[in-house]
Asks: 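Sending over a structure as structure tokens; questions will come in a sec.
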2 protein chains.
Amino acid sequence: MMSKKCKYAIKALICLSENYQQGNMFTADIAKKGNIPKKFLEQILLDLKHAGFVGSHQGYRGGYYLIRAPKEINLAEVYRVFDGAIALVPCVSVNYYEKCEDCTDEISCTIKREFSKIKEQSRLIMKEINFKTFLE
Amino acid sequence: MMSKKCKYAIKALICLSENYQQGNMFTADIAKKGNIPKKFLEQILLDLKHAGFVGSHQGYRGGYYLIRAPKEINLAEVYRVFDGAIALVPCVSVNYYEKCEDCTDEISCTIKREFSKIKEQSRLIMKEINFKTFLE
DNA sequence: ATTAACTCTATAAAGTTTATAGAGTTAATA
DNA sequence: TATTAACTCTATAAACTTTATAGAGTTAAT
């Protein structure tokens, strides 16, 4: 399962995609539209900013706006920011590789072999889905 | 990411698959071979028993054995026992359906639509992987 | 100067995962 | 039939993660 945080982030990005190149949006409005706790959303939008998906204007009538075109943002990269690896086991992750604690021989591990296939499939399909997709 | 519990279960099932139709195995031996905390493994094997994957003999020289043929046990069903839904959002799960708390209109939800595709792909690939696969 | 927005860090509350403990039951066998 | 070595079951501890809230600060328009 995906975390709520990640789902909220996706919803926020959909909002901002709908408003792409039409100025900024207030956190309060995104929160209301997406049914997301406002203070929690603030953190999430900040994360999205630090990850380079959105920009912000501060001060009176400030707000958030999408930097990249909706079509150029895919689900895989958003997922990784909030929920980390797409892989089901750390040893097959490219971006978040870690040796499994219980592993004694990674080379001959058939779990690694099979879960590597799963990861590759998941990665491909999540990469195909972009934020223009969500608007259609 | 998959839980350790689920990974331990898979490792235990691989052990038992290797020993299929050759009598039972002791928890202690599976624990040693798989590098799994023994007491934790006891719980897991019990879960596998209740789920119908393994059987047990009690008492002196008792132990666990695989009931179904390795080829007839697929990854999707094992995953569901320990980590629940394969789906990334509850609203697209067949076996663990739940309405998303933040959802206002499930019919027109494009997140639901896209994540339904992801789930279907994941389900298919995890269903294809069985425990004979792991032995090869 | 005021207002209304974003920024940042801390922390509380709840939930989940991982693991351990221990008392019980069962059945082989000496 | 006493002993032993295995599984059975429930409780709970410890660690970690997720979800959410709080509040003080900064910024910029008016």
Side-chain angles (χ1 to χ4, degrees), chain A residues 1-12 16 23-32 34-51 53-67 79 81-85 88-90 96 98 100-102, chain B residues 1-12 16 23-32 34-51 53-67 79 81-85 88-90 96 98 100-102:
Chain A
M1 284 277 179
M2 175 166 68
S3 68
K4 285 192 176 185
K5 194 170 185 177
C6 190
K7 196 190 174 195
Y8 290 159
I10 291 167
K11 288 177 89 170
L16 292 170
N24 62 21
M25 291 185 78
F26 302 146
T27 304
D29 290 340
I30 299 170
K32 198 172 179 184
N35 202 16
I36 304 165
K38 192 191 163 214
K39 272 296 202 180
F40 198 18
L41 181 60
E42 280 180 12
Q43 284 178 13
I44 291 165
L45 286 167
L46 216 46
D47 288 341
L48 285 171
K49 184 183 175 180
H50 294 149
F53 296 107
V54 306
S56 69
H57 291 302
Q58 277 200 326
Y60 184 82
R61 297 216 177 169
Y64 289 96
Y65 55 93
L66 208 62
I67 291 179
Y79 185 90
V81 169
F82 294 94
D83 287 2
L88 291 175
V89 277
Y96 299 86
E98 264 183 65
C100 295
E101 278 180 60
D102 56 310
Chain B
M1 285 278 178
M2 174 166 69
S3 68
K4 285 192 177 183
K5 194 170 184 178
C6 189
K7 195 189 175 195
Y8 291 160
I10 292 167
K11 289 176 88 170
L16 293 170
N24 63 22
M25 292 184 77
F26 303 146
T27 304
D29 290 340
I30 299 171
K32 197 172 179 183
N35 202 16
I36 303 166
K38 192 191 164 216
K39 272 297 200 180
F40 198 17
L41 180 60
E42 280 181 11
Q43 283 178 14
I44 292 165
L45 286 167
L46 215 46
D47 288 341
L48 285 171
K49 184 183 175 183
H50 294 149
F53 296 107
V54 306
S56 69
H57 291 302
Q58 277 201 325
Y60 185 81
R61 296 215 179 170
Y64 289 96
Y65 56 93
L66 208 60
I67 290 179
Y79 185 89
V81 168
F82 294 94
D83 286 2
L88 291 175
V89 276
Y96 298 87
E98 265 182 64
C100 296
E101 278 180 60
D102 56 311

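By convention in this document, chain letters (A, B, ...) are assigned in the order of the sequence lines, proteins followed by strands, and residues within each chain are numbered from 1.
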Asks: Can you name the nearest heavy-atom pair linking B:V81 to B:A51, along with the distance?
Replies: CG2-CB, 4.0 Å

Asks: Please tell me if the side chains of A:L16 and A:L48 come closer than 4.5 Å, counting only heavy atoms from C-beta onward.
Replies: no

Asks: Rounded to whole angstroms, how far apart are CD on B:E42 and P on D:dT10?
Replies: 14 Å

Asks: For the base of D:dT19, is there a side-chain donor-acceptor partner from A:Q43 under 3.5 Å away?
Replies: no

Asks: Sequence neighbours left out, what passes ring-ring contact (aromatic ring centres under 6.0 Å, His included) with A:Y96? Give chain and number order.
Replies: none

Asks: Counting Watson-Crick and G-U wobble pairs with both distances under 3.5 Å, what is the dot-bracket string for DNA chain C, 5' to 3', using [ ] for crossing pairs and | for pairs to another strand?
Replies: ||||||||||||||||||||||||||||||

Asks: Using only side-chain N and O atoms of B:Y8, determine if any of them is under 4.0 Å from OP1 or OP2 of C:dA19.
Replies: yes

Asks: Check A:N24 against A:G63 and note the closest heavy-atom contact, atom names and distance.
Replies: ND2-N, 3.4 Å

Asks: Who are the ring-ring contact (aromatic ring centres under 6.0 Å, His included) partners of A:Y8, not counting sequence neighbours?
Replies: A:F40

Asks: Starting from P on D:dA20, measure out to CG on A:D47 and report it in whole angstrom.
Replies: 15 Å

Asks: Taking the side chain of B:F26 as heavy atoms from C-beta outward, which of D:dT30, D:dA6, D:dC9 is closest to it?
Replies: D:dA6

Asks: Starting from P on C:dA5, measure out to CG on A:L45 and report it in whole angstrom.
Replies: 14 Å

Asks: Side-chain N or O of A:K4 less than 4.0 angstrom from OP1 or OP2 on D:dT18?
Replies: no

Asks: Quick one: on DNA chain D, does A:M2 or A:Q58 contact a more 5' nucleotide (nearest heavy atom)?
Replies: A:M2

Asks: Over all heavy atoms of both residues, which pair between B:A12 and B:L41 is shortest? Give the atoms and the distance, please.
Replies: CB-CD1, 4.0 Å

Asks: In whole angstrom, what separates B:K39's NZ from C:dT20's P?
Replies: 11 Å

Asks: To the nearest angstrom, how far is B:K38 atom NZ from D:dT8 atom P?
Replies: 12 Å

Asks: Do you know which of B:K32, B:K11, B:K5 makes salt bridge (Lys or Arg N to Asp or Glu O under 4.0 Å) with A:D102?
Replies: B:K11

Asks: Phosphate oxygens OP1/OP2 of D:dT8: is one of them under 4.0 Å from a side-chain N or O of B:S56?
Replies: yes

Asks: Please determine if a side-chain N or O atom of B:S3 lies less than 4.0 Å away from the OP1 or OP2 oxygen of C:dT17.
Replies: no

Asks: Any idea which of C:dT7, D:dT8, D:dC7 is nearest the B:L46 side chain?
Replies: D:dT8

Asks: Can you tell me how far P of C:dA19 sits from NZ of B:K7, to the nearest Å?
Replies: 12 Å

Asks: Can you see if the side chain of A:H50 gets near the phosphate of C:dC8 - specifically, an N or O under 4.0 Å from OP1 or OP2?
Replies: yes

Asks: Taking the nucleotide of DNA chain D with the nearest heavy atom to each, does A:Y60 or A:P37 sit closer to the 5' end?
Replies: A:P37

Asks: What is the distance, rounded to the nearest whole Å, between atom CZ of A:F40 and atom C1' of C:dA13?
Replies: 13 Å

Asks: Of the non-hydrogen atoms in B:F82 and B:A9, which two are nearest, and what is the gap between them?
Replies: CE1-CB, 3.4 Å

Asks: Are A:Y65 and C:dC6 close enough that a side-chain N or O sits under 4.0 Å from OP1 or OP2?
Replies: no

Asks: Measure CG/A:N35 against C1'/D:dT19 and give the value in whole Å, please.
Replies: 15 Å

